[in-house]
Amino acid sequence: MINKKVGSVDDALQGVKSGMTFMFGGFGLSGIAENSIAKLVELGINNLTCISNNAGVDDFGLGLLLHQKQIKKMISSYVGENDEFERQMLSGELDVELIPQGTLAERCRAAQAGFPAIYTPAGFGTEVAEGKETREFNGKMYVLEHAFKADFAFVKAWKGDAAGNLIFKGTARNFNPNMCGAATITVAEVEELVPVGTLDPNHIHIPGIFVQRIYQGAKYEKRIEQRTVRQKN
Amino acid sequence: MINKKVGSVDDALQGVKSGMTFMFGGFGLSGIAENSIAKLVELGINNLTCISNNAGVDDFGLGLLLHQKQIKKMISSYVGENDEFERQMLSGELDVELIPQGTLAERCRAAQAGFPAIYTPAGFGTEVAEGKETREFNGKMYVLEHAFKADFAFVKAWKGDAAGNLIFKGTARNFNPNMCGAATITVAEVEELVPVGTLDPNHIHIPGIFVQRIYQGAKYEKRIEQRTVRQKN
Amino acid sequence: MLDKNGIAKRIAKEVQDGYYVNLGIGIPTLVANYVRDDIEVEFQSENGVLGMGPFPFEGEEDADIINAGKQTITTLPGASFFDSAMSFSMIRGQHVHLTILGAMEVSEKGDIANWKIPGKMVKGMGGAMDLVASAENIIVAMMHTNKAGESKLLKKCSLPLTGVKCVKKIVTNLAVLEVTGKGFKLLERAPGISVEEIQKATEGKLIVEGTIPEMDI
Amino acid sequence: MLDKNGIAKRIAKEVQDGYYVNLGIGIPTLVANYVRDDIEVEFQSENGVLGMGPFPFEGEEDADIINAGKQTITTLPGASFFDSAMSFSMIRGQHVHLTILGAMEVSEKGDIANWKIPGKMVKGMGGAMDLVASAENIIVAMMHTNKAGESKLLKKCSLPLTGVKCVKKIVTNLAVLEVTGKGFKLLERAPGISVEEIQKATEGKLIVEGTIPEMDI
């Protein structure tokens with residue numbers, strides 16, 4: 001068993017530098033790498049390019065990095081619910097590239113799986129396809145989209161072991177598995193680091209080969225963005 | 001819950017016809033759709049194009065269909081261990097297209113996921129790439145390979161439910177998940193059909209949306225091709 | 001004239017037994033409330049769940065179980081969770097049968113604009129571009145006119161497009177229309193609404209053939 | 001001169017701590033027996049398992065747990081199972097550090113042929129083409145000459161290729177050689193084998209620089 005366990009978030013983030021490109025798992029605030037993000041805020045590195053479906057909210061998630069102006073460019077599919085983001089984008093301080101959600105997922109997966117590019121129908125005929133190669137297959141038009149390149153991927157899982165194996169919970173899974181192995185170094189933080197051998201090999205969502213460093217997160221706020229309930233009769 | 005359960009293998013195979021293209025999960029004899037194959041042998045339809053990593057052995061798996069000369073063309077990555085196959089291929093009775101194993105998996109996944117084609121480095125510079133489009137990305141050469149089209153996919157899972165959700169066991173998983181939803185109709189047979197709601201939604205390998213029909217297999221021989229053991233001291 | 005719930009109620013009639021359905025944010029979300037009890041339907045949310053159920057009871061919310069609108073949800077028996085790549089495999093691979101989403105504008109050719117107002121609103125397209133580029137059956141749920149009273153059914157969209165030639169049907173507060181490629185074919189009128197009123201609210205070409213029935217909702 | 005186990009033993013020295021390794025059928029399979037105990041290595045089999053262990057004890061075979069050679073195997077703590085697409089993601093995505101496989105021919109440019117003898121043997125390439133097209137580090141394990149005594153280290157392969165310019169190192173019963181692009185650079189001699197004997201058995205260009213040490217195995 002190849003040991004991926006590191007003792008602390010400090011060790012997990014060794015090598016992060018200003019100017020790097022990072023991937024962040026999560027959908028909204030669900031399944032985000034809370035501890036890695038907090039550490040990046042503390043480290044104060046800047047000029048970052050961040051690939052993440054969303055940009056957090058004003059005071060949580062990637063919003064914390066935005067607040068400190070650590071991010072130079074965001075590549076996302078949906079960036080609502082964040083006033084500071086909107087302000088930086090409209091003022092031109094922040095470079096923003098918006099791409100379809102499925103394209104985002106698959107450009108990560110392409111990097112993970114060694115594909116240089118994919119053909120997707122998403123965005124054909126829209127400004128997303130401007131300047132991009134398009135092509136017809138079987139009477140339908142597709143856009144060529146390239147695999148991402150990133151220095152670090154920060155993902156969050158429910159359970160993991162020292163071999164780097166990961167299991168996610170519910171919709172907190174989202175982009176996390178697709179980003180594992182899609183960057184030079186994948187850093188996984190987990191709610192529960194369990195002894196090697198206790199995870200059922202059939203139930204592992206991401207085999208450890210896609211993860212370079214794993215650590216147990218100190219605590220998880222797991223903030224809910226849109227708490228919605230129904231009343232009991 | 002959309003009910004995918006059918007009462008018998010006869011119902012599951014409704015609509016299969018001579019001349020069709022079928023996908024078969026399995027690696028060697030592990031994880032093959034034993035009951036669906038047995039029924040196809042019984043039905044005696046022929047002129048089939050079969051997409052399967054292997055072609056079974058002389059008296060089991062797809063070897064049974066070969067024996068009855070039901071197969072016109074095989075698309076596979078490895079076809080050793082089958083004398084009848086070799087005889088039909090060398091005599092020209094059987095059309096054989098050999099493609100790299102990873103390419104086979106991904107051409108299935110492309111069909112499942114709505115991608116028209118993929119670029120893979122496998123086979124560049126070899127006869128596999130002859131007549132195919134090749135292209136350079138970042139200094140490396142890739143071959144354009146198209147998504148498969150198939151009428152039926154026959155897969156085998158360990159556990160499943162009436163919603164069509166599937167869980168595989170061990171290396172019997174192999175191509176099975178990648179073929180689900182890659183054909184017009186996906187027929188899944190399972191060792192154990194469990195009540196809906198008993199499978200953990202986190203552990204499902206293939207959501208039911210990719211499966212059109214599911215049934216409990218009558219029995220499984222699960223033949224071992226290369227029984228290999230070590231001695232206890 | 002229909003209200004939002006009326007639009008949702010009418011669209012619910014388009015949902016057929018055995019359909020996997022993706023509902024967008026806003027009016028489309030309401031459609032789930034009106035689907036007939038005697039048919040089986042499963043709702044997919046592109047953030048990674050199939051078999052969505054109702055919102056949780058108070059105190060039973062789980063931050064790890066949300067829908068694409070980031071709302072806390074529950075799941076029904078037979079549900080499954082999966083990653084974003086697999087979620088869009090369902091969508092791109094046309095395994096989801098019906099997509100219902102809102103729009104700012106629809107053109108008579110079926111183009112749709114619903115993600116951006118240059119200089120004003122730039123939230124991003126989320127999964128909408130994947131959905132409209134792939135879905136075989138797309139129904140748009142929207143008001144017939146915008147707040148300024150201008151038609152949202154246009155000859156040509158003025159806003160940045162989400163997808164081209166993709167919308168099949170539109171249900172508004174005034175009418176049900178089919179997008180034929182030659183214009184908006186009027187299928188049904190909302191209760192109490194005349195063909196003339198619909199014509200007046202439609203900038204794109206309106207095709208009216210024979211007598212147009214009133215919706216039965 | 002080395003036997004098959006000797007070749008495996010020498011190759012095992014190339015395996016480093018922290019490596020994920022894919023072993024082909026034949027001699028490469030034997031390499032697992034000789035990897036040092038004090039390093040951590042995981043074996044991947046392309047049919048869908050990471051963390052392969054030894055063969056099972058008699059009576060403990062499981063038809064659902066096999067390797068790419070269709071042999072029954074066991075798994076070690078920390079192992080995982082996955083589908084074929086993910087398996088080749090590991091390979092194509094260069095997450096597997098080292099591929100060891102057999103060959104019928106290798107050219108001085110690093111081309112490899114190991115899947116087909118036209119008219120004679122057509123078993124298929126299996127995962128070999130994916131492996132050689134993607135692996136950053138490929139070691140070929142083979143006899144220096146074929147049964148007819150002809151060299152398998154050639155100027156140009158005569159058999160259909162499996163991959164081009166991909167082999168980095170070759171370990172045979174006679175020598176360890178590096179593929180430089182300009183020829184086979186002789187690194188080590190098998191015990192008791194002279195440079196002349198290696199030269200005689202090598203059809204492609206052999207580069208001999210300085211004194212060639214004998215293998216330390």
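Proteins get letters first, then strands, A, B, ... in listed order; numbering begins at 1 in each. In this text, all values refer to a predicted model and were calculated from it rather than measured experimentally.
For the options A105(B), G102(B), A172(B), heavy-atom pairs under 4.5 Å to chain D are most numerous at G102(B). Chain B forms more heavy-atom pairs under 4.5 Å with one residue of A68(D), G163(D), A113(D) than with any other, namely A68(D). When each of P100(B), G28(B), A122(B), G125(B) is checked for heavy-atom pairs under 4.5 Å with chain D, P100(B) comes out on top. Chain B forms more heavy-atom pairs under 4.5 Å with one residue of A128(D), G59(D), G127(D), G48(D) than with any other, namely G127(D).
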Pairs table: donor-acceptor atoms between chain D and chain B closer than 3.5 Å:
unit_1, atom_1, unit_2, atom_2, d
F55(D), O, R230(B), NE, 2.4
P56(D), O, R230(B), N, 2.9
E61(D), OE2, R227(B), NH1, 2.7
D62(D), OD1, K169(B), NZ, 3.2
D62(D), OD2, K169(B), NZ, 2.9
A63(D), O, S30(B), OG, 3.1
D64(D), O, T171(B), N, 2.8
D64(D), O, T171(B), OG1, 3.0
D64(D), O, A172(B), N, 3.4
D64(D), OD2, K169(B), NZ, 3.0
D64(D), OD2, K222(B), NZ, 2.5
I66(D), N, T171(B), OG1, 2.9
K70(D), O, Q226(B), N, 3.3
T72(D), N, Q226(B), O, 3.3
T72(D), OG1, T228(B), N, 2.8
T72(D), OG1, T228(B), O, 2.7
F81(D), O, R173(B), NH2, 3.2
D83(D), OD1, N178(B), ND2, 3.4
S84(D), N, N174(B), O, 3.0
S84(D), N, N178(B), OD1, 3.4
S84(D), OG, N174(B), O, 3.3
S84(D), OG, F175(B), N, 3.3
A85(D), N, N178(B), OD1, 3.1
K116(D), NZ, E127(B), OE2, 2.6
K123(D), O, V79(B), N, 2.6
M125(D), N, S77(B), O, 3.1
G126(D), N, S77(B), O, 2.8
G126(D), O, Q101(B), N, 2.9
G127(D), N, Q101(B), OE1, 3.2
D130(D), OD1, G102(B), N, 3.3
D130(D), OD1, T103(B), N, 3.4
D130(D), OD2, Q101(B), N, 3.2
D130(D), OD2, G102(B), N, 2.9
A133(D), O, K140(B), NZ, 2.8

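For a residue to count as touching a neighbouring chain, one of its non-hydrogen atoms must lie under 4.5 Å from one of that chain's; by this rule V132(D) does not touch chain B. Of the two parts of M141(B), neither the backbone nor the side chain holds a non-hydrogen atom closer than 4.5 Å to a non-hydrogen atom of chain D. For a residue to count as touching a neighbouring chain, one of its non-hydrogen atoms must lie under 4.5 Å from one of that chain's; by this rule F88(D) touches chain B with the side chain only. Interface remark: L29(B) contributes no atoms to any contact with chain D (heavy atom separation under 4.5 Å).
Atom CG of D37(D) is surrounded by 12 or fewer heavy atoms from other residues, nucleotides or ligands within 6.0 Å.
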Under the side-chain contact (heavy atoms from CB on, under 4.5 Å) rule, what do V229(B) and F57(D) come out as? Steps first, then yes or no, please. CA-CA 5 Å; V229(B) 298; F57(D) 290 119; over 6 Å; no
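In this structure, K9(D) has no salt bridge (charged side-chain N to carboxylate O under 4.0 Å, His left out) partners at least two apart in sequence or on a different chain.
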